Every structure is written in structure tokens, then in C-alpha cells.
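In what follows, a single structure is set out as C-alpha cells and then discussed.
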Amino acid sequence: MKSEISIDIDAPVALVFALAHNVEQWSTLLPHYVSSRVVDHDAWNRPLVQFVARRSLVPVLGLGLPVVWASRTWNEPDTHRLRFEHVAGATRGMDVTWRIEPRGEGACCVTISHVFTPRLPGFAWFVDRGFTRPIAGRTLATFKALAEAVQSTLPVATNQST
């Protein structure tokens with residue numbers, strides 16, 4: 001199963017990439033991430049990061065379900081991509097790519113692609129609709145808010161760079 005979720009952000013590609021690429025800091029930047037810590041590195045020095053995020057169930061009461069997974073992560077600065085290879089948890093085998101692409105002057109579109117083919121029929125759909133989309137959607141919305149807030153504080157000449 002392949003699914004994608006996107007958001008338009010009124011901030012340059014470089015700014016969004018700068019905010020998002022350091023996944024070990026996500027638990028500091030994203031309120032729904034409880035933890036994002038490096039537990040190991042592979043032969044190419046790519047970090048293995050254990051993530052814990054809350055999947056909101058009753059937002060008004062602050063109730064959420066903790067979701068845990070581990071991903072081999074890396075980023076591609078030349079193409080403004082973030083990559084995640086899920087190696088542990090219910091999403092083991094999921095391949096995730098973030099594409100941060102220009103959209104007009106001083107703006108961009110961030111698209112997260114998830115490719116997941118578990119052995120159990122219907123499980124990918126359940127994971128996508130019940131967990132992946134809600135968590136990824138909140139992650140994108142938070143990075144949009146952060147990037148646009150930072151962008152609004154920059155001088156006008158800096159605001160227009162891509």
C-alpha cells in the first residue's frame with residue numbers, strides 16, 4: 001500500500017528542511033512526540049531512532065495512545081528529502097520519504113509518502129487510517145506553523161528566498 005499526505009507551507013524549502021531534518025529533535029519541536037532518541041548507528045553512520053508519539057484519541061481531554069517504532073533515518077540535503085526505514089514496531093518494513101519542494105516564490109509543499117506491505121491483509125489500511133495519517137498530519141501541521149512563524153520574523157529580503 002502506498003499513501004501520501006501533503007501540506008503547503010508559506011516558507012522557503014531551505015527553512016522547512018532546516019527545521020525538519022534533525023529528527024532527534026522532533027520531541028522538542030513537536031508536542032505529540034514524546035521521545036525521539038538515537039539508539040544506534042549503522043555502518044554508514046545513519047542513526048537508528050526510536051520514536052514515541054501520541055495518537056490523539058480525545059483531544060479535548062488530552063487523551064492519546066502512545067505509538068512506538070524505530071526507524072533507520074537519513075536525509076538528502078541536495079534534494080531536500082528525509083528518509084525513514086521502519087525497522088521495529090508494528091510498521092516494520094515501512095518506507096517513508098519526505099519531499100520538500102518549491103511552490104512559488106518563498107513557499108513549498110511537503111509530501112510524505114508511505115509504502116507499507118505487511119503480510120496481514122487489511123493491516124496496512126488500518127495502520128494508515130488509524131495511525132500514520134493522524135500522526136503525519138499533525139506533524140506536517142506543526143512544522144507548517146513553526147516554519148511560517150519563523151518566516152514571519154525574518155526581514156522582507158530574507159522572506160523571499162527559496
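Worth knowing before you read on, the calculation uses all heavy atoms, side chains too, and leaves out hydrogens, waters and symmetry mates. Keep in mind it's a predicted model, so treat the numbers as computed, not measured.
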If you define the side chain from C-beta out and look only at heavy atoms, does anything of S35 sit under 4.5 Å from Y33?
no
Would a hydrophobic clustering, with Ile, Leu, Val, Met, Phe, Trp and Tyr connected at side-chain separations under 4.5 Å, put V34 with V38?
no
Among N75, V96, V49, which one satisfies side-chain contact (heavy atoms from CB on, under 4.5 Å) with F84?
V96
Which heavy atom in R54 sits nearest to a heavy atom in P31, and how many Å separate them?
NH2-O, 2.9 Å
Cut-off 3.5 Å, side chains only: do S36 and E24 have a donor facing an acceptor?
no
Step by step, would you call E4 with R99 a salt bridge (charged side-chain N to carboxylate O under 4.0 Å, His left out)?
CA-CA 11 Å; E4 289 189 341; R99 294 185 319 273; 3.5 Å; yes
Rounded distance [0.5 Å steps], OG1 in T139 versus CD1 in I112
6.5 Å
With a 4.5 Å heavy-atom cut-off, do S6 and C109 have their side chains touching?
yes
Given the rule that I, L, V, M, F, W and Y join up when any side-chain heavy atoms are under 4.5 Å apart, are V23 and L29 in one cluster?
yes
T117 OG1 to L120 CG distance, which is reported to the nearest 0.5 Å
12.5 Å
Taking the six-membered ring for Trp, are W98 and W26 parallel (under 30°), tilted (30 to 60°) or perpendicular (over 60°)?
tilted
Would one find more than 12 heavy atoms of other residues, nucleotides or ligands at under 6.0 Å from atom CZ of R129?
yes
Shortest non-hydrogen pair, K144 vs D8, comes out as NZ-O, 2.8 Å
Test side chain to side chain contact (heavy atoms under 4.5 Å, CB included) on V127 and W125; report intermediate values, then the result.
CA-CA 6 Å; V127 167; W125 180 88; over 6 Å; no
Contact check, side chains of L140 and I5, non-hydrogen atoms, under 4.5 Å
yes
Answer whether the closest heavy-atom distance between the side chains of L19 and F17 falls below 4.5 Å.
no
If every non-hydrogen atom of L15 is compared with every non-hydrogen atom of A147, which pair is closest and at what distance?
CD2-O, 3.5 Å
Is a donor on one side and an acceptor on the other found under 3.5 Å between the side chain of D42 and the backbone of R46?
yes
dist T111:OG1 -> R81:CZ (nearest 0.5 Å) comes out at 9.5 Å
Which pair of non-hydrogen atoms, one from R55 and one from G130, has the smallest distance, and what is that distance?
NE-O, 2.7 Å
CD1-CZ distance between I9 and F143, expressed to the nearest 0.5 angstrom:
9.0 Å
Going by distance alone, is a donor N or O of one side chain under 3.5 Å from an acceptor N or O of the other, for R83 and T73?
no
May I have the step-by-step check of side chain to side chain contact (heavy atoms under 4.5 Å, CB included) for L30 and R138, ending in yes or no?
CA-CA 9 Å; L30 305 169; R138 189 165 179 199; over 6 Å; no
Same apolar cluster: L146 and V13, side chain cutoff 4.5 Å:
yes
Closest non-hydrogen atom pair between R103 and D10, with its separation
NH2-OD1, 3.1 Å
For the OG atom of S71 and the CH2 atom of W74, what is their distance to the nearest 0.5 Å?
9.5 Å
Do Q50 and R37 come within less than 4.5 Å of each other through their side chains, counting heavy atoms only?
yes
ILVMFWY cluster, F116 and F126 together (side-chain gap under 4.5 Å)
yes
Min side-chain heavy-atom separation T97-L82 under 4.5 Å:
no
CG (D95) and NZ (K2) are apart, to the nearest 0.5 Å, by 9.5 Å
Find out if a path of hydrophobic residues (ILVMFWY) with successive side-chain heavy-atom gaps under 4.5 Å connects F51 to V39.
no
Mind running side chain to side chain contact (heavy atoms under 4.5 Å, CB included) on H114 and M94 for me, showing each step along the way?
CA-CA 7 Å; H114 297 88; M94 183 181 282; 3.6 Å; yes
Closest non-hydrogen atoms of L65 and F131, given as atom of the first, atom of the second and distance, are CD2-CE2, 3.5 Å
